[in-house]
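Note that the numbering runs from 1 along the sequence shown for the chain. Side chains are part of it too, since the values below use all heavy atoms of this structure and drop only hydrogens, waters and symmetry mates. Note that this is a predicted model, so its numbers are computed, not measured.
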Amino acid sequence: MNTKYIFVTGGVVSGLGKGITAASLGRLLKNRGYKVTIQKFDPYINVDPGTMNPYEHGEVFVTDDGAETDLDLGHYERFIDENLTHNSSITMGKIYQSVIEKERRGDYLGKTVQVIPHITNEIKDKIYGFENTDTDIVITEVGGTVGDIEGLSIIEAIRQVGLEKNKEDVVYIHVTLLPYIFGSNEIKSKPTQHSVKELQSLGIKPDILVCRTEQDIPDTIREKLSLFCNVRKSSVIQNKTADCLYAVPLMLEEEGLAREVCNHLHLEKYIPDNTKWEEMIENIRKIDQNKVVNIGLVGKYVKLEDSYISVIESLYHAGFANNVKVKVTLIDSEKITRENVKEQLKGMDGIVIPGGFGDRGIDGMIETVKYVRENNVPFLGICLGMQMAVVEFARDVLGIEDADSEEFNKETKNQVIHIMEEQKKVNKKGGTMRLGAYPCVIKEGTLAEKLYGATEISERHRHRFEYNNDYKERLEKAGLKVSGTSPDGLLVEMVEIPEHPYFIAGQFHPELKSRPNRPAPLFVGLVKAAKK
């Protein structure tokens with residue numbers, strides 16, 4: 001079978017759920033027995049989101065191979081349950097960087113370097129990069145909105161793919177908004193018509209329209225869209241807001257999205273096996289909505305929920321596993337002080353301190369750790385959260401008043417968190433950042449072993465600073481046990497307090513590998529302890 005290409009573009013406004021649509025379609029095609037991969041093209045000029053403030057673009061999702069990517073890759077992985085790679089996240093910055101490097105090397109033999117063909121060829125190379133692999137279908141989401149000046153070369157490149165490949169090997173899906181006007185009590189199709197007109201003016205005729213709507217689309221509107229947008233009526237797909245994010249694939253199945261894609265791409269495996277996914281959704285819907293576990297997420301980027309989207313989703317997954325509804329409350333660590341910490345964390349059954357960079361809000365995190373440790377509140381520390389647990393323990397239990405992280409205080413004599421020289425030497429990326437999946441060996445008889453049910457695991461990292469082994473003996477003696485290390489024993493990966501009902505922290509990001517049907521063990525344990 002030839003590799004099949006599906007392109008998902010967006011119109012009218014951003015944030016319509018192109019990523020969820022692409023991910024849901026990926027799940028439906030996988031349930032038909034196809035090997036699916038998904039990639040995202042972002043039109044911005046940053047090389048990757050790694051240096052962006054989370055308020056700009058939400059969380060940075062890290063792949064096994066250490067790529068810092070767009071948060072949509074998290075949705076893709078959670079829905080299709082495949083580990084993606086750096087090939088799945090492309091920015092215009094990356095494309096321009098690559099073309100300029102080739103020009104400097106003389107690869108273009110002195111020719112004038114232009115958007116067409118050089119930039120568009122580079123984009124197509126990334127799209128065609130999955131050929132000659134075991135991938136049957138490549139779903140490519142184009143970030144931004146059709147007509148954005150930054151994204152024009154991506155649109156041009158995907159137009160060319162339609163020209164270069166067989167007609168039955170390429171399908172274009174356009175996700176658009178059907179606004180409901182309450183005053184006149186009607187759904188308006190004009191914004192969608194304009195959006196499709198814009199796309200057509202760039203040379204692409206959409207085959208399928210996925211219409212985001214809060215109301216059911218009447219037949220008259222479907223007919224109007226079919227006529228004015230030049231798509232079959234059966235290819236006008238309704239995408240309403242679902243009661244559960246993971247129910248979207250089944251909703252789109254009912255609407256016929258996968259059926260239309262199979263028709264366009266002449267796919268033979270037509271009948272899906274959605275039983276496992278249906279069972280999962282059924283079990284989620286059976287959860288007693290009155291059984292609520294309140295989890296406080298104490299972080300520094302709480303003004304934008306997307307900054308912690310994988311952590312929040314992992315908490316929901318843990319709720320599914322524990323048969324409870326998890327309510328996540330975002331708590332600003334900058335507002336927490338020794339005097340008000342009890343009030344700030346009031347009503348919380350468990351606490352998560354997630355990752356982050358910089359010294360803003362650190363004091364509030366340390367106060368939070370002290371409170372949960374002394375008051376037996378279930379606690380999970382992630383990356384920066386683990387480092388703060390070590391700092392707090394060194395200060396308040398060992399009595400090392402100036403204990404700190406090298407990141408926040410280079411002058412302190414007691415850097416319980418620091419950069420290791422060995423780390424600089426062995427780092428995959430050549431910098432001081434530890435990125436991607438690394439193995440961790442878990443000590444037998446620990447809470448970590450009980451949670452993972454294994455003594456060897458692999459988790460994804462994104463950090464610069466490490467636990468300082470010079471303090472290990474004293475910290476362990478006082479009760480902060482090391483339960484996981486790198487295979488050579490040099491790097492501390494996990495710490496826990498055995499006497500506490502649930503106090504565990506990891507230097508890695510367990511949220512990056514959590515799936516609705518395979519939740520991350522550390523989150524499952526937290527919610528279980530919080531439920532008690």
Does any donor atom in the side chain of [X] or [Y] lie under 3.5 Å from an acceptor atom in the other side chain?
X	Y	value
Glu122	Ser98	yes
Thr213	Gln238	no
Glu164	Tyr128	yes
Gln39	Lys126	no
Thr112	Gln114	no
Thr192	Thr176	yes

Lys240 side chain to Ile217 backbone, donor-acceptor under 3.5 Å:
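No; judged by distance alone, with no hydrogens or angles, the pair does not exist.
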Which class fits the ring pair [X] and [Y]: parallel under 30°, tilted 30 to 60°, perpendicular over 60°?
X	Y	answer
Tyr308	Tyr301	tilted
Tyr5	Phe7	parallel
His75	Phe79	perpendicular

Measure centre to centre between the rings of Tyr316 and Tyr246, then say whether the value is under 6.0 Å.
no
Looking at Lys35 and Glu82, is there a salt bridge between them, counting it only when a charged N and a carboxylate O are closer than 4.0 Å?
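Judged by the 4.0 Å cut-off on N to carboxylate O distance, Glu82 and Lys35 do form a salt bridge.
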Under-4.0 Å salt bridge between Arg460 and Asp64
yes
Among Ile139, Ile137, Ile6, which residue meets the side chain to side chain contact (heavy atoms under 4.5 Å, CB included) test with Ile38?
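Of all the options given, the one that passes is Ile139.
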